[in-house]
Structures are given as C-alpha cells and as structure tokens.
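First comes the structure, then the notes that go with it.
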Amino acid sequence: MSDLPTWYFVGLAAVFGALVGSFLNVVIARLPKGLSIVHPRSRCPRCERPIAWHENIPVVSWLLLRGRCRGCKLPISIRYPLVELATSLLAVACVRNFGPTPWAVAAFVFLAALVALTYIDLDHWLLPRSMTVPFIAVGLGASLLPDGPGIASSALGAAVGFASFAALGFAAERILKKEALGGGDLWLFAMIGAFLGVKALLPVALFASAQGAAIGVVLLSRAKRKAARSAIPADAAEAVTALPPPKPTGDEELDAWVPPDGAVPFGPFLALGAAEYLFFGEKLVAWYLSVISFQG
Ligand SMILES: [Zn+2]
C-alpha cells in the first residue's frame, strides 16, 4: 500500500468522503423521524419526483441543478452540498494526518457520526441513542487499532464520560431546579471517550464549553437586539435572555417543544471539541503542559 503515491489516497478520500456526506444527508433527514435510511429512494418533497443517480452526485449535482429540483424548481437547501463538502474535507484531513492507515478510517467513521449527530441536534435538539450507543461499541473496537487509545483508556473514557456528565447534570439540576443537560449529551460524551480515550475528556469538555459560551453570547445578544427592534412586550424579551429550557431527554418522539430564539444545543460543540482534539489535541495539551512547567 505504501508504494502508492499520497495524492492517490487523498483523492480517494475526497471522493469517498463526499459520497459518505451524501449518505449522511439522508441519515440527518430520516433517522430522527424513525424512517428507514435505505428505502425508499430520495424524492423531491414537493413534486415527488425520484432523484436519479446522476442528479445525486455529491456537490456537483447541486451546482449543475443550480440548487433547484429539475421537476418543480423547488429550491434544494445549500446545506446538502455543504455537508458533502465538509465530510469530504474531513476524510482528506484524516488521511493527511494519520496516513493511509486503519486508524484514519476509524477516525473518519467517528467524525462522520459526529457530523450527522451535529445536524440532528441542531434540527431537533436531540441526540438519538440509536446512534450514540452503537458508536460507543465501534469506538471500543477501534481503540485496539495501532494509534488507537487502547481498550483500557477507551472503556474508562466511555464510563467516565457518561458518569461525569451524569454527575454534572445531577448537580446542575439541584442548583438550577430544572434539567440542565440533555440526556443525549451523556451518551455523546461517552462515545467521545470511547473513541479518543479517557485523557481526551477534560480537554474536549473545555474546548466545547469555551466555544459554546462564545457562540452563545453572540447569538443571545443578536436575539436580544432582534427582540428589541421588533419591540415585543418586555416579558417576551426577557424570556430570550433566560437559560435555554431543558431539551427533551433521549429518544422520545419529536414534540412541539420549540427552543427559544438565540439558544443553541450543546451537542454540536462537544462534536467540534472532539474533532479539534482528534487533530490537534496532543499538540495543544503538550504545549499547555510545557507552558506550565516552564513557569513552575
Ligand atoms: Zn420537485
């Protein structure tokens, strides 16, 4: 394998990643609704026109169709090609970082699951256990690969990830007198621990909270400004600044619960923190430790 040039694997990863991204779009749209992700073929939601294979080429088809259904001209969300492009780039990043190795494949599987979970959480404020729990098992298996964290660190990562978030949620619930962390976040954090090992948990939690807080402040102030502009009664504007209400726990069917303006789910930030740790974690932690030891 190693006598093939690097560009060959990078090209292969780019194409394979885009195809996986196309599949993730289907997963994101159907899995939370409990629909099959294999049947039926994708159709236009308005004119029911089946999408032919040549209209389903990642990124390219969307550009050729100029983002519209060929039958009824219904606009197709730009999110579809963006998910395909992002997944393609993540596959390339895995090959460039880890080489053409089994661990690169495992890292990509992990990232692809995180992409799907991110968009499902953004759409529905839900992290389906039907996805996170099987991927904990995949992470435990992948930990045995060369470059993997090893089974002990992986199993401990899953257990500590789950327990620490459960304890944190319990404490926050006692203090805030309401549910503070969604039930789905526990399983996602356990899945991250299974793939990256126990020592990744603290850095991932820190990356996620820091970026979540930064984005949260921006979105809240924007929502506040919007509320002020549209001059809704004061109590409505106040509701925007309050803590986001608890998100639905686990796998209940989608209900009428609507998140307030300016609120964001935490799952995408955990996913972002995990991806950052996967690619840069060791370097960031080593740098941090060297700074501390230099001062101390
Ligand atoms: Zn159509």
Side-chain angles (χ1 to χ4, degrees), residues 11-93 108-109 111-132 134-135 184 188 215 219 222-223 226 230 247-248 250-265 267-268 271-272 275:
L12 197 68
V15 172
F16 179 70
L19 290 170
V20 171
S22 181
F23 173 66
L24 293 182
N25 277 321
V26 178
V27 171
I28 293 161
R30 294 189 188 176
L31 189 115
K33 294 178 185 154
L35 300 171
S36 162
I37 50 177
V38 254
H39 283 286
R41 303 236 342 236
S42 299
R43 285 167 182 276
C44 169
R46 185 158 71 187
C47 67
E48 304 262 295
R49 189 173 179 281
I51 295 163
W53 67 267
H54 60 268
E55 294 167 320
N56 214 356
I57 302 165
V59 187
V60 177
S61 288
W62 190 90
L63 293 172
L64 288 178
L65 294 168
R66 300 216 179 93
R68 281 172 190 283
C69 166
R70 184 167 281 170
C72 68
K73 305 288 169 214
L74 180 76
I76 307 165
S77 170
I78 194 168
R79 200 171 95 175
Y80 293 103
L82 288 182
V83 165
E84 288 157 359
L85 193 64
T87 313
S88 172
L89 291 175
L90 287 171
V92 168
F108 176 66
V109 166
L111 292 168
L114 291 179
V115 168
L117 287 166
T118 291
Y119 282 99
I120 291 171
D121 204 15
L122 287 173
D123 286 350
H124 303 290
W125 287 66
L126 186 79
L127 294 164
R129 272 198 299 269
S130 58
M131 214 178 146
T132 46
F135 273 99
L188 175 59
I215 300 286
L219 290 178
R222 201 198 272 170
K226 209 168 93 188
S230 54
K247 66 194 222 185
D251 282 348
E252 303 102 319
E253 71 269 28
L254 309 172
D255 49 24
W257 181 84
V258 178
D261 219 8
V264 264
L272 184 64

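For this chain, numbers begin at 1 and follow the sequence in order. Both counts, for ligands and for their atoms, begin at 1 and track the order of listing.
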Original post:
Under 3.5 Å, is there a donor-acceptor pair between the side chain of Asp121 and the main chain of Pro265?
Top reply: no

Original post:
Does Thr118 have any side chain to side chain contact (heavy atoms under 4.5 Å, CB included) partners at least two apart in sequence or in another chain, and if so, which?
Top reply: Leu122, Pro268, Ala271

Original post:
Just wondering, more than 12 heavy atoms not from Phe108 lying within 6.0 Å of its CZ?
Top reply: yes

**OP:** State whether the side chain of Arg70 and the backbone N or O of Leu65 hold a donor-acceptor pair below 3.5 Å, judged by distance alone.
**Re:** no

Subject >> Side chain to side chain, Ile37 and Phe23, heavy atoms closer than 4.5 Å >> reply: yes

Subject >> 2.8 Å shell around the Zn ion (ligand 1), exclusive bound, protein N/O/S atoms >> reply: 4

Original post:
Is there a donor-acceptor pair closer than 3.5 Å between any side-chain N or O of Ser88 and the backbone N or O of Ala14?
Top reply: yes

